[in-house]
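Numbering starts at 1 and runs along the sequence shown. Counting starts at 1 for both ligands and their atoms, in listed order.
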Amino acid sequence: MDRKHIFAVVGARPNFMKVAPVMQALSATGRFKLSLVHTGQHYAPEMSDDFFRDLGMGKPDFHLEVGSASHAVQTARILERFEPVVLEQKPDFVLVAGDVNSTLACSLVAAKLLIPVGHIESGLRSRDRTMPEEVNRLVTDALSDILFTTSRDADENLVAEGVPKGKIFFVGNTMIDTLKRFESAARASDIAVRQGVERGRYLLVTLHRPSNVDSPEGLERVLTYLTEAARRMPVLFPVHPRTKASLERMGRWSALESMPALHLLPPLGYPDFLALMAQARAVLTDSGGVQEETTALQVPCLTLRPNTERPVTMTEGSNLIVSDDVAKHVSLLDDLLSGRVVPRDACPELWDGHAGERIAAVLVDQVR
Ligand code: UD1
Ligand code: UDP
């Protein structure tokens with residue numbers, strides 16, 4: 001049998017957790033030749049290679065090594081380096097995930113070469129174009145031939161934008177497939193104790209959105225919030241490289257280092273980070289993926305953003321968003337810690353650990 005060749009593209013940290021279960025499910029069908037392409041948008045071992053090892057993904061078949069740069073330069077580098085690989089390998093289908101620059105660039109290359117594109121996590125919309133990810137989502141979805149969605153609201157967004165219903169497949173959340181795979185080990189892990197905190201008695205923080213960390217005003221807001229949080233409970237903060245660079249540039253890193261209840265950590269491997277999420281009293285974040293994972297784990301999540309493209313985490317799950325006003329956030333944190341606010345605890349439809357298999361089933365049917 002002539003097996004169709006599928007390219008699966010990853011580039012930045014959240015892509016690895018979204019694509020790993022799909023690769024596994026596609027491989028299990030025995031129907032495809034699979035190639036994993038890493039653009040190299042993220043490249044530090046703790047933002048890249050460690051995930052390949054921990055998730056059992058094997059090495060990428062093609063590594064574009066684009067590294068960091070401005071949006072235009074990084075996107076252009078991916079375009080330039082992905083096109084020759086596609087021309088030479090002639091894949092029958094290109095699968096992209098999420099909303100990072102690698103997602104947009106690789107879908108654009110494929111679409112121009114008339115190769116069908118599948119987008120994992122289509123249809124999410126924050127309706128906030130100051131977020132670079134929103135632009136990436138809109139363009140990728142406009143170019144995609146098969147749009148895999150994680151929630152019903154995403155289907156509605158796509159239909160409202162004129163995407164034919166026949167191209168949209170509501171399959172659930174592949175990031176939650178990865179979570180389910182590691183969940184029992186995460187709950188049993190002793191990582192909290194090893195970090196010097198008590199299970200259920202600490203706050204976990206992640207921050208990397210440009211709106212929070214790139215400007216002095218954003219950073220000041222975040223630092224005030226962290227200071228207040230650390231007065232209430234020990235805080236573990238694995239620091240994203242963008243955030244660390246910004247803190248150092250603005251001369252604020254050493255002040256954070258000297259705060260006793262704030263534990264600054266490097267970016268963590270997925271199993272350890274998942275364990276710290278699962279055992280936290282609450283998670284404070286601006287990450288997209290972390291909003292979903294805390295919902296799946298039923299751990300309260302306070303999102304430091306004025307909006308979310310993942311409304312299902314608020315309407316059904318444990319996500320709370322007030323605005324980016326620090327005073328409101330601190331008051332919400334107090335309400336949460338005192339039990340005055342109790343987040344929802346339902347798990348959204350089809351966030352059941354089998355989304356990758358559903359994607360594979362669609363591709364068996366559509367890519368022949
Ligand atoms: C990117 C994505 C964002 C996603 C995030 C996940 C875009 C536009 N942004 O943001 O949607 O939420 O990844 O983590 O695609 N850096 C390193 N080492 C690395 C990677 C980055 O030091 O391995 C530093 C560099 O200083 C770099 C900065 O982080 O300039 C930002 O990296 P970049 O990939 O441009 O954006 P992220 O903020 O990571
Ligand atoms: N994550 C991780 N280590 C960390 C922080 C996050 O493994 O130190 C994982 C997290 O569990 C989730 C993904 O990285 O699976 C989210 O990526 P990130 O927050 O960088 O990007 P976003 O989801 O905001 O695009």
message: Evaluate H71 for polar contact with ligand 1, using N/O atom pairs at a separation under 3.5 Å.
response: no
- request: Give yes or no for whether the N/O distance cutoff of 3.5 Å, strictly under, is met between R13 and ligand 2.
  value: yes
- prompt: Given that the side chain starts at C-beta and the backbone is N, CA, C, O, which of these parts of S102 lies under 4.0 Å from ligand 1, counting heavy atoms, or is it both or neither?
  reply: neither
query: For ligand 2, which atoms, with element, lie under 4.0 Å from some heavy atom of G289?
result: 22 (P), 23 (O)
message: Would you say atom 36 (O) of ligand 1 makes contact with the protein, given that contact here means a non-hydrogen protein atom less than 4.0 Å away?
response: yes
field: M277 touching ligand 2 at heavy-atom level, < 4.0 angstrom
entry: yes
- line: the protein heavy atom lying closest to atom 6 (C) of ligand 1 turns out to be P14 CD, 3.5 Å
statement: atom 25 (C) of ligand 1: closest protein heavy atom, distance to 0.1 Å, is S68 OG, 3.4 Å
- request: Would you check the N or O atoms of H240, main chain and side chain alike, for any that come under 3.5 Å of an N or O of ligand 1?
  value: yes
- prompt: Is there a heavy atom of F16 sitting under 4.0 angstrom from any atom of ligand 2?
  reply: no
- request: Starting from atom 17 (C) of ligand 1, locate the nearest protein heavy atom and write down its residue, its atom name and how far away it is, to 0.1 Å.
  value: Y43 OH, 3.2 Å
- request: Taking only heavy atoms of M47 into account, list the atoms of ligand 1 that are under 4.0 Å away from them.
  value: 23 (O)
message: Quick one: does any side-chain atom of T303 pair with a main-chain N or O of R305 as donor and acceptor, under 3.5 Å?
response: no
query: Does at least one non-hydrogen atom of Q291 fall below 4.0 angstrom from an atom of ligand 2?
result: no
field: Numbering as shown, the atoms of ligand 1 that approach R209 to under 4.0 Å (heavy-atom distance)
entry: 3 (C), 4 (C), 11 (O), 12 (O)
- request: Could you check atom 11 (O) of ligand 2 against the protein and tell me its nearest heavy-atom contact, residue, atom and distance included?
  value: E293 OE1, 2.7 Å
message: Just to check, does E133 reach to within less than 4.0 Å of ligand 2 when the distance is taken from its heavy atoms?
response: no
field: ligand 2 N/O within reach of P266 N/O, cut-off under 3.5 Å
entry: no
- request: Please write down residue, atom name and distance for the protein heavy atom closest to atom 38 (O) of ligand 1.
  value: R242 NH1, 2.7 Å
E133 N/O under 3.5 Å from ligand 1 N/O: yes
- request: Could you see which bit of S287 sits under 4.0 Å from ligand 2, with heavy atoms only: side chain, backbone, both or neither?
  value: both
query: To the nearest 0.1 Å, how far is atom 2 (C) of ligand 1 from its closest protein heavy atom, and which atom is that?
result: V100 CG1, 3.7 Å
- prompt: Less than 3.5 Å between some nitrogen or oxygen of A44 and one of ligand 1, yes or no?
  reply: yes
query: Can you find an N/O atom of M17 closer than 3.5 Å to an N/O atom of ligand 2?
result: no
- prompt: With a 4.0 Å heavy-atom cut-off (strictly under), which part of F273 contacts ligand 2: side chain, backbone, both or neither?
  reply: side chain
Protein contact to atom 39 (O) of ligand 1 [nearest heavy atom, distance to 0.1 Å]: H42 NE2, 2.7 Å
- prompt: Who's the nearest protein heavy-atom neighbour of atom 24 (C) of ligand 1, and how far?
  reply: P241 CB, 3.8 Å
message: For a side chain to side chain donor-acceptor pair (under 3.5 Å) check, start with the C-alpha distance between N319 and Q291, then their side-chain angles and the critical distance, and finish with the verdict.
response: CA-CA 6 Å; N319 193 12; Q291 294 173 59; 2.8 Å; yes
